[in-house]
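Structure, as structure tokens:
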Amino acid sequence: MSAIVNSDVIERKMGQNSIIQPLLTDLYQITMAYAYWKSGKIECQAVFDLFFRKSPFCGEFTIFAGLEECLKFIEKFSYSESDIEYIRQILPKTIEDEFFQYLGTLTAKDISVYAINEGTVVFPRVPLLRIEGPLIVAQLLETTLLTLVNYASLMATNAARYRMAAGNLKLFEFGLRRAQGPDGGLSASKYAYIGGFDGTSNVLAGKLFNIPVKGTHAHAYITSFNSIGELNHHFISAKGGGEPQNFLKMSLTWREKIYDIFNVVLSEVNDGELAAFISFAVAFPDGFMALIDTYDVKKSGLVNFCAVALALNDLGYRALGVRLDSGDLAYLSLVARDYFKKIAVKYDVPHFAELMVMASNDINEETILSLNDQGHSIDSFGIGTHLVTCQKQPALGCVYKMVEINQHPRIKLSHDVEKVTIPGKKNAYRLYSETGFALIDLLQRSVEEPPKINEKVLCRHPFQESKRAFVIPSRVESLLNLYWHNGVITQPLPNLQQIRENVMNCLKILRPDIKRTLNPTPYKVSVSDTLYQFLHRLWLENAPIGELS
Ligand SMILES: Nc1ncnc2c1ncn2[C@@H]1O[C@H](COP(=O)(O)OP(=O)(O)OP(=O)(O)O)[C@@H](O)[C@H]1O
Ligand SMILES: O=P(O)(O)OC[C@H]1O[C@H](OP(=O)(O)OP(=O)(O)O)[C@H](O)[C@@H]1O
Ligand SMILES: O=C(O)c1cccnc1
Ligand SMILES: [Mg+2]
């Protein structure tokens, strides 16, 4: 976003987003548009599928996200005069003028979009979006739709995996400083929330998407104080009101009282750190949370925190807890909890036993799982780098493939069987077992009758002839819904909270072995017998017979 300086780009006509607009595409879409136009394909009608071939993070499931952004892009799709002027500059001088006039008239009103609901758990080869309509427009949408779906789905999946690892513990996204640029940072905050995070430190994301914003403080705040003498304001009134009290004196008195519980000599406890804690507590007496690892968690941070928290307690305030940002997080969290419990009993402050321990510092999914194995007393995680950069797998490989043109099926062949496309306009169904778990996804030709509850249906592996199974579904869910038709969004779009709930509900219908981190069982995606025959007939028709000499 920072690179955008042209005011025309920022103030888009017709409410287009400053970045998500028709020029956010690859040049080849526009050159193809001209060549299609010149070869008389204006009237051609096409169907494209947007799908991925492999779930990310060595997992066997993906969360589909980005649909709302796709629909808003499609809704506003049109080239401004300056867009066309720019395209004119970058294309060869031989381009016919009528093409630019034609570009100026293009909208997506003749396009239909079928999509899986945002936040649904999805699997390889199932179309997430089916785009139907004029070939040229459908082609021009490719790159933008892919960029809107790929990172969003990758990020939501990553977040959902962290959520599964963390169980009911709180998860906060702290990644803006490490994200792939400003737009990457905003998207990360949004899709981390959809995937199950509880909040973000990203203030703009909070404002734009109504996500809870949360935060503590940085080491800089602690190191900005060197001594107690630097404290300018250290008086606060009790929660109920009244005369301001000398909060410094109260904290020092408590520190004198408690330091031997921590097995330290008072000279080891850092005074600058105490001053920082006191000043932060004076500023935020009702939500005091302290970063305690600047000097030494056990010998300084915990002592100073407890002294300030006890002084706050005397004034009727409750501290929130501590953040650990280095060292052995499992061990230190247990140490902290141990002291909190001791103080809770010794000074009759029961809420001390429940103080929050937040952990941060290069945490990833594996760290959380390992911490769970070791045993810890962490209540919440602040997670940045690994989450937002999706360090374990930085891209999801969604593709956009033509499957039909003018009602004729199209197939893309490949030496890699997995890359052969499944031709024709298709519907997708999720078949459920009696227990409520999803059993299998089934792709059918769109002309076929949908599978019926309690009726046997033959589900075939798309490429391996011998792999097939009969399924009697207890429930059938049609996955692709019409979202855009005749120039309007045809369904009310869910808000972020509702999408987030959809993610949580979808994960419940997946068997645990499909969700586990180590060697998960692949979920089955199948084709109907009709689609199987259709696919293989087309494959043979299109694969040249080689000659050996
Ligand atoms: N108990 C634990 N089990 C597994 N991983 C842990 C545990 N505690 C911390 N970690 C992880 O180990 C890494 C420790 O990082 P690093 O080696 O840079 O040390 P540090 O604690 O940051 O040291 P420094 O004192 O230099 O700040 C982090 O990625 C952190 O998330
Ligand atoms: O570790 P992440 O998962 O990216 O989480 C965000 C990090 O950002 C902050 O510090 P920063 O990394 O800027 O400095 P530090 O590592 O020296 O604390 C914070 O203290 C976390 O450590
Ligand atoms: O609020 C925090 O503690 C925070 C925010 C961003 C990055 N690291 C920590
Ligand atoms: Mg760091």
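Computation of the quantities below employed the complete heavy-atom set of this structure, encompassing side-chain atoms and omitting hydrogens, waters and symmetry-equivalent molecules. Atoms within a ligand are numbered from 1 in the order they appear, just like the ligands themselves. Along the sequence shown, the residues carry numbers beginning at 1. Computed from a predicted structure; not experimentally measured.
For the pair I383 and ligand 2, the shortest N or O to N or O distance does not fall below 3.5 Å.
Residue nearest to atom 10 (O) of ligand 2, selected from H219, Q391, R177: R177 (by heavy-atom distance). Ranked by closest heavy atom to atom 21 (C) of ligand 2, the top entry among T294, T216, D325 is D325. Atom 12 (O) of ligand 2 has its nearest heavy-atom neighbour, among H217, H386, E173, R178, in R178. Between L324, T367, L369, it is T367 that holds the heavy atom closest to atom 10 (N) of ligand 1.
When heavy-atom distances to ligand 1 are checked against a 4.0 Å cut-off, L371 comes that close only through its side chain, counted from C-beta outward. Neither the backbone nor the side chain of H376 comes within contact range of ligand 1; no heavy atom lies under 4.0 Å.
Atom 17 (O) of ligand 1 lies below 4.0 Å from none of the non-hydrogen atoms of the protein. Contact annotation for atom 12 (O) of ligand 1: protein absent (non-hydrogen atoms, distance under 4.0 Å).
Donor-acceptor pairing under 3.5 Å is lacking for the side chains of N158 and H386.
Here the protein heavy atom with the shortest distance to atom 3 (O) of ligand 2 is G384 N, 2.8 Å. Among all protein heavy atoms, the one lying closest to atom 21 (O) of ligand 1 is G327 N, 2.5 Å.
For an aromatic pair to be called close, the ring centres must be under 6.0 Å apart, and Y221 with F280 satisfies this. W254 has its ring centre less than 6.0 Å from the ring centre of Y347.
In this structure, Y523 and F123 have parallel ring planes: the angle between them is below the 30° cut-off, well short of the 60° mark. Using bins of under 30°, 30° to 60° and over 60° for the plane-to-plane angle, the ring pair F288/F305 lands in the parallel bin.
When each of F262, Y259, F352 is paired with Y339, the ring-ring contact (aromatic ring centres under 6.0 Å, His included) condition holds for F262 and for no other.
The backbone N or O of L329 sits less than 3.5 Å from a side-chain atom of S333, completing a donor-acceptor pair.
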